Amino acid sequence: MGRITRRVATDVGGTFTDLVCFETDQDTGASRIVTAKSDTTPPDFEKGVLDVLERGGIDPSGVDFLAHGTTVVINALTERKGVKVGLVTTEGFRDTLEIARGNRPDFFNLHYEKPAPFVPRHLRAELPGRMTYTGAERTPLDLSGLPAILDMFRAEAVEAVAISFLHSYANTAHEEAALAEVQRLWPEVSVVSSHQITREWREYERTNTAVLSAYVQPVAARYLRRLDEGLASRGFGGRPYIMQSNCGIDSLDATSRTPITMVESGPASGFWGAAELGRLIGEPNVLALDIGGTTAKCSLIENGEVRIMTDYWIERSRKSAGYPIMVPVVDLVEIGNGGGSIAWVDDFGKLHVGPRSAGALPGPAAYGKGGTEATTTDANLWLGRINRDYFCGGAIQADMDAVERSIRSLGAKLDVGPDQAAEGIIRIANNNMVNALKLVSLNRGFDTRDFTLLAFGGGGAMHAVALGQELQVKKVVVPAAASVFSAWGMMMSDLRRDYFVTHLVELAEGAGNEIESTFAEAEATAQATYAEEGVGADRITFLRYSKFRYQNQEHTTEVLLPEGAISDASLARITEDFHKTYEREYTYRLDAPVEMVGIHLVAKAEVGKLEMHPEPSGDPDASDAVKGRRMVDYALEGRHEATIYDGESLRAGMSFKGPAIVEDSGATAVIHPGNAVEVDSYRNIHITIHG
């Protein structure tokens with residue numbers, strides 16, 4: 001046997017920590033995949049990572065590459081487990097954080113209260129000094145009051161300082177000076193300034209982003225340091241890469257400085273994995289769906305590229321405006337529908353599913369841990385869609401008595417039997433997910449018939465075919481190891497950084513050179529940053545996007561720019577590309593001047609991501625993978641005897657037809673009557689939609 005290379009990805013979720021390891025013999029090319037799950041271990045999340053490595057039989061000393069995704073940042077924000085923050089801002093602007101925006105969601109509620117800022121007013125301090133929106137210095141920065149401010153912060157037990165000055169997106173000089181002085185006067189404190197995270201305008205959003213980054217920075221830095229030390233103590237000779245919200249990975253040191261960039265690292269890795277898998281199987285246009293225990297998330301991938309945006313908010317709902325975080329985040333829609341979503345009946349006798357979840361404890365009634373309310377998982381068990389004798393891969397003995405009690409109780413409120421109640425749960429859950437998928441596709445001018453639905457997560461394959469039929473997608477694909485697909489996506493990621501710079505210019509004569517110089521400056525910054533980490537310019541590739549609008553509009557539309565240097569000769573094509581993109585999304589175009597509001601530069605460097613090797617197709621006969629047969633209720637199509645297949649026994653080239661169920665230890669795929677199934681050379685399941 002030749003030298004074995006091991007590439008590992010670990011993903012810390014709310015309930016479980018997942019592991020995927022690819023072992024490859026460099027001489028023969030032979031490979032094997034190791035997957036494992038262990039309990040997530042808050043507050044010491046790094047222990048769960050070390051536990052899952054041990055459970056998977058992976059010796060860290062033999063690992064060549066390790067990528068890591070985590071929910072530490074989003075959990076610290078939503079559970080308010082960050083540190084006390086002090087804010088330093090421009091004189092006269094200490095209340096920007098509290099004024100926020102006026103477009104409240106609960107508009108007719110006369111008693112509406114804005115979400116409380118993460119920094120109370122007495123910890124928001126001001127310094128004289130002012131930049132204009134063009135970046136010119138209007139008033140010099142006066143740092144003479146900073147020592148007293150820091151003394152006050154110390155007395156108030158502040159652990160992190162955020163700096164955000166007016167118009168620092170246009171000129172960072174004042175923020176840089178204040179940052180250096182804070183570090184000189186108080187070297188022990190954690191400090192971040194807004195320009196280190198974003199160079200976009202919108203004062204409230206940028207300030208809140210700096211504050212939330214400071215809020216989680218000590219927590220995340222401690223976690224990443226302990227993870228690094230724990231891996232090193234077990235023999236890991238490298239440094240782990242950390243999954244970012246922009247579908248790329250970054251170095252541990254860079255992430256520790258601005259950890260807010262990994263606020264949605266878990267979902268991002270899954271959607272990047274969907275884009276990579278789509279390219280691998282020749283399906284560049286993908287609707288990606290990730291169904292977990294609590295939520296369902298979806299994103300649209302066009303031409304192999306995941307859409308990244310900075311208009312991201314946490315805790316936003318019909319009742320609350322939430323909090324903006326202006327960092328690059330994969331464009332996704334998330335709803336409270338997952339395996340643990342609770343079914344309930346309102347005062348008017350109407351059935352609902354979610355957003356409340358049974359979580360991991362007590363969990364669905366089937367867990368036997370005291371849960372009494374019916375969930376989506378319980379309905380799937382009752383209808384035979386999940387194997388009651390192979391629940392959670394055989395790790396849990398399904399409590400079917402508790403399942404029956406919960407569903408009969410729900411049915412009694414609806415005056416229907418348990419079968420009808422369970423069918424209703426599935427149909428409503430599916431309807432909720434279809435609506436979410438429409439938000440990222442049809443509502444933005446995309447025809448779902450041009451897309452492949454790629455479903456993953458523990459519950460993705462359970463509902464995918466029904467959703468695909470409703471949306472009339474080309475086909476449904478369930479990836480191999482779907483339950484740990486997000487961890488697989490990390491190993492397909494490049495080192496990636498996104499640079500957003502606000503720069504307003506009308507697309508008129510002379511604009512080409514101005515736009516090109518803005519990109520050139522950002523590219524030089526990216527190359528210099530990568531060079532500090534030993535990544536040469538020859539390994540870096542760039543993608544150029546710009547944000548455009550019709551003159552005097554408020555918001556923008558992002559457009560991918562053509563390759564090559566931008567000149568005045570390019571402007572006509574760029575303008576037409578904007579018109580087309582705008583018309584697709586809003587159904588009309590205007591005869592009005594177009595202006596660029598800012599640039600979006602993607603700087604990627606490959607760090608040896610996983611290469612997949614197809615296996616040759618064999619006999620289409622899938623009878624060797626058959627486990628048995630059982631009656632399954634397909635909700636809309638009624639009850640049918642389904643053939644049960646062992647997912648881990650399926651091989652490339654095998655094919656069969658529904659009604660069928662494909663089971664493995666982490667996920668179950670429901671194949672409806674009439675669906676044709678084929679296993680590709682990477683062991684992904686392709687399901688052709690019937691009718």
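We number each residue from 1, following the sequence as shown. All figures in this text were calculated on a predicted structure; none of them were measured in a lab.
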(request) Return the orientation label for the W313 and Y204 ring planes: parallel under 30°, perpendicular over 60°, tilted otherwise. (result)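 Ring orientation of W313 relative to Y204: tilted.
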(request) Determine the interplanar angle of the F165 and H174 rings, folded into 0 to 90°, and report it as parallel if under 30°, tilted if 30 to 60°, perpendicular if over 60°. (result)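 Taking H174 first and then F165, their aromatic rings stand perpendicular (interplane angle over 60°).
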Looking only at side-chain N and O atoms, does [Y] offer a donor or acceptor that is under 3.5 Å from a partner on [X]?
X    : Y    : value
D253 : S251 : no
T261 : Q244 : yes
T10  : H68  : yes
E126 : T89  : no
E46  : Y223 : no

(message) Both conditions, 6.0 Å and 45 degrees, for the charged tip of R154 above the ring of W186: are they met here?
(response)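 Judged by the rule, R154 and W186 form a cation-pi pair.
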Nearest 0.5 Å please: distance from the [atom1] atom of [X] over to the [atom2] atom of [Y].
X    : Y    : atom1 : atom2 : result
Y241 : D250 : OH    : CG    : 9.5 Å
E264 : C247 : CD    : SG    : 11.0 Å
I540 : Y530 : CD1   : OH    : 6.5 Å
H600 : E558 : NE2   : CD    : 5.5 Å
L97  : Y323 : CG    : OH    : 9.0 Å
R544 : I574 : CZ    : CD1   : 9.5 Å

Mark yes or no for whether [X], through its side chain, and [Y], through its backbone, hold a donor-acceptor pair below 3.5 Å.
X    : Y    : value
T41  : G48  : yes
E516 : I566 : yes
S320 : R316 : no
N303 : E305 : no
S299 : D331 : yes

(request) Assert yes or no for the condition that the ring centre distance of H167 to Y169 is strictly below 6.0 Å. (result)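 Between Y169 and H167, which both carry aromatic rings, the centre distance is below 6.0 Å.
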(request) Compute the ring centroids of Y550 and Y582, then answer whether they are less than 6.0 Å apart. (result)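 Yes, the ring centres sit under 6.0 Å apart.
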Greater than 12 external heavy atoms within 6.0 Å of [X]'s [atom1]:
X    : atom1 : result
E113 : CD    : no
R356 : CZ    : no
Y133 : OH    : no
K114 : NZ    : yes

(message) Determine whether E175 and S194 satisfy the following criterion, side chain to side chain donor-acceptor pair (under 3.5 Å), listing intermediate values before the conclusion.
(response) CA-CA 8 Å; E175 281 197 359; S194 72; 2.6 Å; yes
(request) Of all the heavy-atom pairs spanning V330 and A268, show the shortest one and how long it is. (result)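 Closest pair (atom of V330, atom of A268, distance): CG1-CA, 3.9 Å.
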(request) Of all the heavy-atom pairs spanning R94 and R124, show the shortest one and how long it is. (result)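 That closest heavy-atom pairing would be O-NE, 2.6 Å.
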